Amino acid sequence: MRTMRYKPSKPVAVLSIVMGVGLLVFGIANFWDAGGGGRAFLVFWCLMVVAVTGLQVWAAFSKNGSMGVLMPGAFVSGDDEESRPAR
């Protein structure tokens with residue numbers, strides 16, 4: 001069966017980079033002086049922003065990158081099968 005990969009567009013990847021940098025600046029500016037749980041949240045926040053931004057950039061600019069795979073015709077609903085006339 002033929003599969004198709006889909007990738008985010010390059011403008012979406014560039015927007016992801018801009019948003020990722022903005023989210024990192026926001027998190028560091030607001031939680032830098034936080035103690036205890038605030039510092040742990042800052043680390044978690046930064047790791048998640050880098051992970052999501054990195055995934056978007058990899059998917060858009062890498063030769064083998066993709067956000068998913070489409071398999072046309074792979075999904076058939078049970079209702080569709082029953083409503084088809086017999087040949």
Side-chain angles (χ1 to χ4, degrees):
M1 177 175 288
R2 181 172 175 241
T3 61
M4 297 180 292
R5 292 179 170 211
Y6 61 93
K7 300 172 80 162
S9 67
K10 298 210 182 342
V12 168
V14 171
L15 180 63
S16 295
I17 293 169
V18 171
M19 294 289 293
V21 169
L23 287 169
L24 284 174
V25 169
F26 171 79
I28 292 170
N30 285 309
F31 294 104
W32 185 256
D33 293 331
R39 186 61 61 107
F41 179 76
L42 174 62
V43 171
F44 175 74
W45 176 277
C46 291
L47 287 173
M48 291 300 104
V49 168
V50 169
V52 169
T53 304
L55 176 65
Q56 284 287 332
V57 171
W58 169 79
F61 293 109
S62 174
K63 180 181 176 184
N64 294 325
S66 71
M67 293 302 291
V69 177
L70 296 174
M71 296 173 53
F75 177 75
V76 178
S77 172
D79 295 336
D80 292 342
E81 284 294 320
E82 295 173 359
S83 64
R84 291 182 185 168
R87 290 185 178 180

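The figures here come from the full heavy-atom set of this structure, side chains too, leaving out hydrogens, waters and symmetry mates. Please read all numbers here as calculations on a predicted model, not as lab measurements.
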Subject >> Donor-acceptor contact below 3.5 Å, side chain K10 vs main chain F61 >> reply: no
Original post:
For M48, does the CE atom sit with more than 12 other heavy atoms under 6.0 Å from it, leaving out its own atoms?
Top reply: yes
Original post:
In the hydrophobic clustering that connects Ile, Leu, Val, Met, Phe, Trp and Tyr at side-chain heavy-atom distances below 4.5 Å, which members other than L42 occupy its cluster, ordered by chain and number?
Top reply: L23, L24, F26, I28, F31, W32, F41, W45, V49, V50
Original post:
Considering residues at least two apart in sequence or located in another chain, which fulfil the side chain to side chain contact (heavy atoms under 4.5 Å, CB included) criterion with V12?
Top reply: P8, S9, S16, Q56
